[in-house]
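These numbers come from the heavy atoms of this one structure, side chains and all, not from hydrogens, waters or symmetry mates. Naming: A, B, ... by sequence-line order, numbering from 1 per chain.
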Amino acid sequence: MAKRPSRLKSTKANSLLTRLGAIRPRLFAFLLDWASWGYVAYAVMFLINRYWFVRYVNFYGTLTLPPWGWPLVVLATLELVVLSHAFGHSIGLSLFGLELLTHSHRFPTVRDRASRYLWWHASALLLPVSLWRSGRECLLLHDVRSKTCMVPLAEVKDELPVTKPRPWYLTNRGLMTVALIGLTFWVGWLTTQINLQRLFSRAPKSAYLWKALVTPDFEHLAMPDPELKDSIMGGMLESIFMALLATIFGGLIAFPLSFLGARNIMGFSPLGWLIFTLARAFFNVFRSIESILWAVVFAVWVGFGPFAGVLALTIHTIAALGKLYSEQVESIDPGPLEAIAATGARRWQVVLYGVIPQIIPSYLAFSLYRWDINVRMSTVIALVGGGGIGRILFYYKGQVGRLSNAWNQVGAVVFTIVAVVWLLDYISGRVREKII
Amino acid sequence: MKDRYYAGFMQEKPRWMRSLADLRGRLFVFITDAIALIYLWTMVSYCSNTFMFHTKSFVTLPWWVMLLVVIEATALWENFGVSVGMKLLGLRLTSADGSAPSLGDRALRYLTWHFSGLPLVGVVAAKDGQAWHDRLSGLRVVGAEDVETERYPWYRRSWSIALLVLLIVTLVTAMLVTRVDFVKFFTGAPKTGRIWRAFLSPEWSLLGDGIRLLIVTVFMAFMATLFGVLIAVPLSFLAARNLTQGLIGRTVYTIVRGAMSITRSIEPIIWAIIFVVWVRVGAFPGVLALFVHSVADLTKLYSERLESIDPGPVEAIRATGANKLQVIIYGIIPQIINPYLSFTLYRWDINVRMATIIGIVGGGGIGQRLYQYTRLWRWSEAGLLMLLIMIVVWMMDYTSSRLRARLG
Amino acid sequence: MADHLVVEHLTKVYERGDVLALDDISFSVEKGEFLVLIGLSGSGKSTLLRCINRLIEPTAGKVYFDGIDVTAASSRDLRQLRRRMAMIFQQFNLVRRSSVLTNVLSGRLGYVNPWLSATHQFPHSEIKMAMANLERVGIPEQAYKRADELSGGQQQRVGIARALMQTPELLMADEPVSALDPATSHSVMRYLELMNREDGVTVLASLHFLSLARRYGTRILALKDGKIVYEGLPSEIDEARFKEIYGEEAEQVEVH
Ligand SMILES: Nc1ncnc2c1ncn2[C@@H]1O[C@H](COP(=O)(O)OP(=O)(O)OP(=O)(O)O)[C@@H](O)[C@H]1O
Ligand SMILES: [Mg+2]
């Protein structure tokens with residue numbers, strides 16, 4: 001089998017940039033492991049606080065840490081990372097595909113590892129010098145002195161001798177993963193105040209609620225409630241239309257934006273890169289805020305009512321569809337594009353004749369899918385004044401205590417929502433199958 | 001002796017089965033067209049009520065008037081044009097020799113339809129797929145691929161015009177129902193100036209509190225996902241069509257799938273309302289609400305994935321004489337571990353988003369505080385919390401998509 | 001009953017599409033034979049093999065293995081029977097994400113303690129046996145790789161090693177070499193021949209190429225549209241017979 005050239009033997013110019021490139025995975029793996037040990041420290045401190053000193057624990061769980069405690073924690077976690085990198089295979093190393101090997105690509109002995117661990121401290125103290133003096137292979141002081149280095153596993157896989165992998169409970173990363181999950185579970189149980197006893201002891205009390213919910217009162221299904229001036233079906237229709245409009249508006253706006261957010265369309269010129277980055281950043285920022293929060297803003301802007309809901313859903317739809325669409329554009333078959341570009345067509349002509357025909361079906365499918373999500377979302381957006389079926393739901397919920405059958409009415413609304421959402425889900429699923 | 005083995009399998013279907021299928025097709029076409037027309041009718045009357053009488057109502061004329069008109073209109077449409085229902089099933093009306101029917105034949109078929117097709121007798125008694133009104137008029141309904149017809153431009157095809165009208169009417173009604181008002185959209189913009197300004201100068205003194213709330217929120221999502229996975233993994237095996245065979249299996253499959261799709265169609269916020277009543281306000285009802293929704297969603301995702309596993313290895317393991325448990329452990333689980341992890345990450349991502357808003361109804365986390373601030377119009381504080389949410393959600397989104405890409 | 005495997009009036013109708021895939025098939029196989037099934041694509045070869053160990057439930061007919069009625073066996077007995085008849089597949093059917101060793105060991109699942117195997121623990125002797133079998137098919141150094149990192153020929157050898165783990169009396173091979181190139185095909189076929197000659201395993205293989213069938217088979221069974229159209233020695237298939245089996249337009253392709 002032909003040997004692939006190892007990165008260590010690359011003949012690239014010895015610029016700072018290449019050196020930084022070579023050190024990048026190592027750096028990331030290091031930071032990741034440091035963060036995970038830091039997280040372990042946080043969790044342990046949290047638990048100590050919780051069980052030893054029974055008092056209010058603030059967010060970093062360090063209420064009882066003396067001033068010298070902080071540097072201690074930082075140093076301790078640092079040492080642990082270095083130890084786990086020298087003597088084991090940490091999560092960071094396996095995630096970034098690195099393996100500690102000697103310069104001749106053998107597995108290091110314990111002596112090598114110990115020497116690496118010790119030399120690391122000198123190397124870290126002299127980091128600028130060490131980085132400056134590292135050759136093009138970016139061998140830092142401790143790499144040189146211990147005659148070991150971190151090698152990308154993919155490049156040396158074929159040279160390594162076959163060994164039986166260890167079971168997970170004997171590896172650093174296996175144990176660490178379990179520890180992380182276990183600690184998170186423990187701390188999470190405490191922070192979210194999970195209380196199974198309350199869940200069960202209050203179950204009988206909530207029985208009346210369930211009883212009311214499953215015996216819905218469809219009195220106002222089609223007949224408008226005199227106080228609310230609307231019926232359940234009217235509200236549902238409002239929700240469906242809100243979702244529909246939001247999907248159409250959002251889809252129309254996301255369509256042109258999606259090309260700006262696609263790598264293969266924007267190319268690699270600085271301007272293209274800038275637009276691409278801006279478009280993607282826009283999608284990500286606006287996607288990360290739920291539409292219900294947007295509704296708060298729009299309720300101020302255009303007043304309470306379904307229009308505010310439509311606008312809120314539209315914003316979120318633009319971002320979500322924009323991202324999906326542009327990923328779709330990126331995954332198209334480049335063959336036809338080349339063919340059209342080869343005829344001397346301009347860029348927009350390539351898009352019009354090569355790209356758009358390829359993406360229309362999946363765009364439709366995504367939009368349908370989005371409509372589905374929007375209908376679901378529109379059932380609750382009324383909570384902050386967005387209109388739709390939620391308005392009726394929360395109205396009846398608010399009548400609990402005043403109306404004896406308020407929960408039954410809520411039940412009727414929920415039943416309607418389930419039926420309609422289920423139906424739309426089914427239809428859009430069938431149509432999507434057909435389209436793609 | 002040979003006949004005993006498979007007699008009945010290869011025979012033609014009995015006549016009643018064929019005419020039942022025929023009836024189903026005709027009913028489908030008719031009901032589809034009628035529903036389209038009823039929809040058109042109600043939406044148009046809603047619009048005209050709004051414009052002319054300034055009332056909001058979907059019905060003006062009595063329901064039987066509508067029904068009569070719709071039935072007649074549907075029959076006319078299906079006899080004198082290609083209706084939406086016919087288009088969906090790919091059907092055309094032709095005369096016996098395959099040519100386009102004359103207007104007289106069409107009118108005859110339309111008239112005879114009233115005592116043959118409407119009371120269904122003529123259809124039930126159909127022979128060779130020809131109902132009474134088909135025979136009397138000498139026309140028949142055939143697959144579109146069997147006839148040579150001129151291709152008309154879209155504005156001369158009744159079904160495409162109908163779809164266009166439906167679309168326009170839907171849009172107009174939707175705008176009326178949701179009270180779309182672009183004037184307000186532009187004139188109201190200055191009102192939000194204060195909000196944007198406040199967002200630009202967030203209240204930094206709230207940072208510590210905000211981070212604490214955020215940690216709670218992320219833990220809520222984690223706990224909900226973890227519990228959700230623990231329940232959804234075993235459930236998914238019961239909800240996968242290829243693993244549930246036999247009468248009991250199918251029953252379990254139907255029940256689990258049905259329950260999950262009902263649970264899934266109720267938003268976590270609505271679940272949270274119920275759980276707040278049950279276990280009182282706090283992060284716990286939020287976790288429960290997210291948990292319930294996650295179970296339903298994950299079960300669906302997982303079981304769909306189970307349905308698409310490669311049957312080859314499963315077959316190979318079965319052929320070695322392994323029992324059911326061993327087939328699952330050696331043939332199925334290795335195939336699904338990575339997709340399951342990837343779905344779980346995806347769901348965690350969604351749960352973090354949901355956890356940021358579930359507090360609105362008392363489900364704890366950062367959303368509760370954020371909602372309070374917005375109600376008090378304290379936008380600087382709200383702005384800081386929104387900023388924090390944005391950062392965390394973006395981080396989760398990024399790491400989870402990177403990890404998912406690695407899982408492949 | 002003297003014969004090793006007896007198939008009587010086997011019929012299979014696929015409900016989906018009303019396909020009559022096997023139409024009253026009867027034949028018997030003696031111990032130590034290398035019986036080759038040939039026939040066009042869709043003639044029912046795979047269906048026949050899968051009906052024998054009931055990976056597919058036959059619609060009617062009987063299969064006897066060493067005098068035991070396979071078609072009437074309870075699920076427990078069926079597992080015991082399947083242990084004795086190994087199978088290898090055209091697409092190898094390895095669990096792609098598991099290691100080669102795990103794949104080979106899974107051939108032993110019918111023998112080991114089911115509860116112990118649920119935790120992926122195998123007795124030491126079984127692991128040794130797996131390594132020995134990997135040695136036998138010439139890929140001991142691949143044991144800890146993931147199965148999908150191997151080439152097609154290597155994967156099929158893993159499939160053979162998995163079958164060897166069952167210490168089978170009958171080996172069914174469903175087009176074991178049609179996904180492989182000619183040279184690799186021969187090396188894989190030679191392992192089957194070796195099992196047949198040295199271990200006395202009866203082999204029932206479906207093949208696409210007549211030349212391979214002539215080279216390795218001791219007897220040939222030709223299927224067409226779910227019926228047996230020829231049964232006899234490989235050397236007796238002449239041009240006319242060939243046309244009868246494969247249709248008028250067919251021409252012989254040689255694999256060397
Ligand atoms: N699961 C199934 N459902 C319905 N019909 C099937 C199914 N599997 C096979 N068939 C049909 O049964 C017939 C025999 O198929 P089979 O796979 O046994 O043929 P084969 O000889 O193995 O062909 P090939 O050489 O392509 O593998 C074919 O007509 C096929 O279409
Ligand atoms: Mg086959």
Side-chain angles (χ1 to χ4, degrees), chain B residues 1-14 17-18 21 233-234 237 241-243 245-250 305-342 406-408, chain C residues 9-15 18-20 23-24 49-50 53-56 58-61 75-76 78-99 102-103 105-112 114-115 117-120 147 159 162-163 165-166 168 172:
Chain B
M1 145 139 214
K2 214 174 84 183
D3 293 351
R4 223 183 57 222
Y5 293 129
Y6 58 91
F9 284 109
M10 315 301 289
Q11 260 180 8
E12 271 213 349
K13 286 213 174 81
M17 257 179 164
R18 269 177 295 142
V233 168
F237 283 83
R241 190 183 280 273
N242 51 348
L243 301 184
Q245 260 128 23
L247 188 65
I248 301 176
R250 266 302 128 87
R305 177 61 222 201
L306 266 180
E307 283 170 3
S308 66
I309 54 168
D310 179 3
V314 179
E315 192 178 39
I317 304 271
R318 276 210 306 155
T320 65
N323 66 18
K324 280 222 169 73
L325 183 71
Q326 290 170 327
V327 169
I328 290 180
I329 290 176
Y330 286 87
I332 298 179
I333 289 186
Q335 290 194 52
I336 56 173
I337 269 201
N338 274 15
Y340 270 36
L341 275 178
S342 150
R406 280 188 71 96
L407 286 172
Chain C
H9 304 297
L10 198 65
T11 300
K12 171 69 194 174
V13 177
Y14 284 108
E15 303 266 341
D18 275 356
V19 182
L20 178 61
D23 186 0
D24 196 22
L49 290 176
R50 282 170 174 73
N53 64 0
R54 274 176 62 196
L55 284 178
I56 293 176
T59 312
S75 67
R76 201 192 156 80
L78 181 62
R79 286 204 298 273
Q80 298 283 328
L81 284 166
R82 279 181 184 163
R83 252 170 41 173
R84 297 163 57 191
M85 23 187 181
M87 192 160 187
I88 60 180
F89 302 84
Q90 176 176 9
Q91 293 306 333
F92 323 132
N93 287 1
L94 302 182
V95 182
R96 300 168 58 83
R97 304 197 64 89
S98 296
S99 72
T102 310
N103 267 296
L105 280 170
S106 68
R108 206 67 193 159
L109 285 175
Y111 290 89
V112 297
W115 298 112
S117 74
T119 58
H120 276 253
R162 176 171 65 188
M165 288 300 280
Q166 288 177 241
M172 293 189 282

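Counting heavy-atom pairs closer than 4.5 Å to chain B, the top residue among His120(C), Met165(C), Met172(C) is His120(C). Ranked by heavy-atom pairs shorter than 4.5 Å toward chain B, the options Ala163(C), Gly110(C), Pro168(C) are led by Gly110(C).
Of the two parts of Arg76(C), neither the backbone nor the side chain holds a non-hydrogen atom closer than 4.5 Å to a non-hydrogen atom of chain B. Contact of Arg162(C) with chain B is made through the side chain alone, with heavy-atom distances under 4.5 Å. The contact between Leu55(C) and chain B is made by backbone and side chain atoms together, counting heavy-atom distances below 4.5 Å. Within the 4.5 angstrom heavy-atom criterion, only backbone atoms of Met85(C) (N, CA, C, O) approach chain B.
Of all the heavy atoms in Ala322(B) and Arg79(C), the pair that sits closest is O-CD, 3.3 Å. Arg97(C) and Asn338(B) make their closest contact through NH2-ND2, 2.7 Å (heavy atoms, listed as atom of the first residue, atom of the second, distance). Contact between Arg82(C) and Arg318(B) at its shortest, heavy atoms only, is CD-O, 3.2 Å. Taking all atoms of both residues into account, the shortest heavy-atom contact from Gln166(C) to Ala319(B) is NE2-O, 3.8 Å. Here the closest non-hydrogen pair linking Val95(C) and Pro334(B) is CG1-CB, 3.4 Å.
Using a 4.5 Å heavy-atom cutoff, the side chains of Glu315(B) and Asn93(C) are in contact.
Near-neighbour residues of residues 323-330 of chain B relative to chain C, defined by a heavy atom under 4.5 Å from a heavy atom of that chain, comprise Asn323(B), Leu325(B), Gln326(B), Ile329(B), Tyr330(B). Residues of residues 305-313 of chain B that come within less than 4.5 angstrom of chain C, heavy atom to heavy atom, are Gly312(B), Pro313(B) in numerical order.
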